[in-house]
Amino acid sequence: MPVTSQCRICSGTVQEFIHFGRQPLSDAFLEPDADRDEEFFFQLATGVCDTCRMVQLMEEVPRERMFHADYPYHSSGSSVMREHFEGLAKRFLSTELTGADPFVVELGCNDGIMLKAVAEAGVRHLGVEPSSGVADLAADKGIRVRKDFFQRSTAEDIHATDGPADVIYAANTLCHIPYMESILDGVTTLLGPQGVFVFEDPYLGDIVEKTSFDQIYDEHFFLFSARSVREMAARNGLELVDVERIPVHGGEVRYTLARKGARTPTAAVAELVAEEDARGLSDLATLEAFGANVRKIRDDLVALLRTVRAEGKTVVAYGATAKSATVANFCGLGPDLVSFVCDTTPAKQHMLTPGTHIPVRPPESFSAPYPDYALLFAWNHADEIMAKEQEFREHGGRWILYVPEVHVV
Ligand code: SAM
Ligand code: TMP
Ligand code: ZN
């Protein structure tokens, strides 16, 4: 019997196409002396809705377990992402935010990586961020932040206080939120008549093309496509009016929604939907083939690591990403195969990775001494990391990557 659940967008039937087994929360790093019996696990599996084609998790993790005061992801850790968001802020400031007293609301503003430039320009803004630790970092930058989950009631409250928004924006946040009906109700409450709701998230098309299965973890509830987002918008009084493929985080799409009829959809929308349909992106057969590719990557990666370890080579990992929780736990990578993971995020350092309990160390540990192999968990930041770690290669070190297939460079 195929495993099914109910679609969070349209109540259709979601049919499972890949199961990763029992997984921990991807950002739940443990203190070295933590009681390991207390660690939280859930069943990580993904399916596709047979009606609206939305790809989504089969099981939902309670939001307070993921987003809280100690949420360890700090957006500003990457210089490439700082430039990315500064560029977007400037674009908003010169396009959507040129009226008399413009107002922009960001969902999941994290440490203020995007709103910093908006605040510096003196434009009215509000970040909505439930993880109070990162929200405090944003407030320290002079950003106005509400420590809260965005949902219908939050939107009503903001609208009553601040009036309508010209831009509602969310990066790597909307796909984290299963309760989409409440979110889109909130958006239609808060958005001005000509306003736009812009969000960018990992793109199903890139995930399938690159077999980047590590984009699937507790926090990534939805894997969006142009087709599923267009359908989701239409069911909620909105319209998908633009799409833009962007290279960050391994391949994302920036979607622009407006009130139905408020703006004319660009040709890019119909083109991307047609391209997805032509390749059968949301067909069960395509997604099951993706599942087979994932299992091959797991087998190849485990075989490679066992071989080099048997040869007495040293292996460390680079970037204690949330994504790597799926890779490490699905492949069974523990400290026997990977000695430690180095990461720039203070909140992750001197902790253990979720489920697999690999120690996390500061980046200085990487060169003391350099390992023979470095498993690049943060492969989406490959250019930035390889550029700053050139000496590792010069010392004879090699990078191991597993997207789109296992290879050594
Ligand atoms: N926008 C940043 C970026 O792109 O780097 C942060 C992305 S981070 C992966 C996701 C953020 O969404 C977290 O900071 C989390 O606390 C926040 N979040 C989760 N649920 C939310 C909700 N209902 N409303 C607003 N923010 C939420
Ligand atoms: P992300 O893939 O979700 O953006 O997470 C990237 C992780 O990698 C984050 O924990 C910070 C870490 N990192 C480094 O340790 N060094 C780096 O140069 C970069 C860009 C990220
Ligand atoms: Zn559906």
Side-chain angles (χ1 to χ4, degrees), residues 6-14 26-27 29 47-56 63-64 66-69 71-82 84-85 105-115 127-135 138 146-151 154-155 169-180 182-183 186 199-202 214-215 217 219-221 228 231-232 235 248-250 252 317-324 341-349 360-363 366 376-389:
Q6 200 180 39
C7 176
R8 292 300 306 243
I9 304 297
C10 77
S11 302
T13 302
V14 180
S26 58
D27 269 320
F29 292 81
V48 60
C49 172
D50 64 6
T51 309
C52 74
R53 313 313 299 172
M54 183 64 84
V55 172
Q56 55 202 281
R63 64 187 188 178
E64 286 79 7
M66 298 185 282
F67 309 117
H68 44 65
Y71 182 64
Y73 183 68
H74 295 189
S75 301
S76 296
S78 156
S79 60
V80 170
M81 293 312 297
R82 287 198 299 273
H84 170 80
F85 287 118
V105 177
E106 184 180 6
L107 323 183
C109 69
N110 199 273
D111 59 9
I113 188 166
M114 198 286 286
L115 284 180
V128 184
E129 176 51 72
S131 300
S132 59
V134 290
R146 176 180 174 130
K147 290 181 188 168
D148 212 345
F149 287 96
F150 186 84
Q151 55 194 5
T154 325
Y169 175 66
N172 306 299
T173 294
L174 202 70
C175 76
H176 291 54
I177 308 180
Y179 40 100
M180 191 59 79
S182 175
I183 295 291
F199 57 94
E200 54 195 65
D201 286 289
D214 53 350
Q215 294 285 12
Y217 54 93
E219 294 174 23
H220 283 183
F221 189 84
S228 62
E231 177 77 19
M232 174 176 92
R235 285 175 179 273
V248 297
H249 288 313
E252 302 204 319
Y318 204 110
T321 57
K323 292 185 287 299
S324 65
V341 192
C342 52
D343 194 286
T344 49
T345 317
K348 296 181 184 178
Q349 292 165 0
V360 184
R361 301 208 181 137
F366 189 51
L376 188 53
F377 278 154
W379 58 268
N380 48 313
H381 300 289
D383 292 347
E384 180 175 350
I385 290 171
M386 288 183 184
K388 77 176 166 197
E389 297 292 1

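Ligands are counted one by one from 1 in listed order, and the atoms in each one are counted from 1 as well.
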Pull out every atom of ligand 2 sitting under 4.0 Å from any heavy atom of K348, numbered as shown with elements. 9 (C), 10 (O)

Just distances here: any N/O of H176 and N/O of ligand 1 closer than 3.5 Å? no

Can you give the angle C10 SG - the Zn ion (ligand 3) - C49 SG, rounded to 10°? 100°

Identify, by atom number and element, the atoms of ligand 2 in contact range of I385, meaning under 4.0 Å from any of its heavy atoms. 17 (C), 18 (O), 19 (C)

Test of understanding: given a 4.0 Å heavy-atom threshold, classify the contact between N380 and ligand 2 as side chain, backbone, both, or neither. side chain

For atom 7 (C) of ligand 2, the closest protein heavy atom turns out to be T321 CG2, 3.6 Å

Looking only at protein heavy atoms, which one is nearest to atom 15 (O) of ligand 2, and how far off is it? T344 N, 3.0 Å

Would you say E219 and ligand 1 have an N/O pair spaced under 3.5 Å apart? no

Looking only at distances, please establish whether an N/O atom of ligand 1 is found under 3.5 Å from an N/O atom of R63. no

Atoms in ligand 2 with a heavy atom of E384 nearer than 4.0 Å: 20 (C)

When you look for heavy atoms under 4.0 Å from ligand 1, do you find them on the side chain of F67, its backbone, both, or neither? side chain

Pair Q56-H220, side chain to side chain donor-acceptor pair (under 3.5 Å): steps then yes or no: CA-CA 8 Å; Q56 55 202 281; H220 283 183; over 6 Å; no

Name the closest protein heavy atom to atom 3 (C) of ligand 1, giving the residue it belongs to and the distance to 0.1 Å. S75 OG, 3.4 Å

Taking 4.0 Å as the limit for heavy-atom contacts, which would you say applies to F221 with ligand 1: side chain only, backbone only, both, or neither? neither

Please check whether K323 reaches ligand 2 - meaning an N/O of the residue sits under 3.5 Å from an N/O of the ligand, judged on distance alone. yes

Y73 and ligand 2 - part of the residue with a heavy-atom distance under 4.0 Å: side chain

Do R8's NZ or CZ and the ring of Y179 fall within the cation-pi criteria of under 6.0 Å and 45°? no

Please classify the I113 to ligand 1 contact at 4.0 Å (heavy-atom distances, strictly less than): side chain, backbone, both or neither. neither

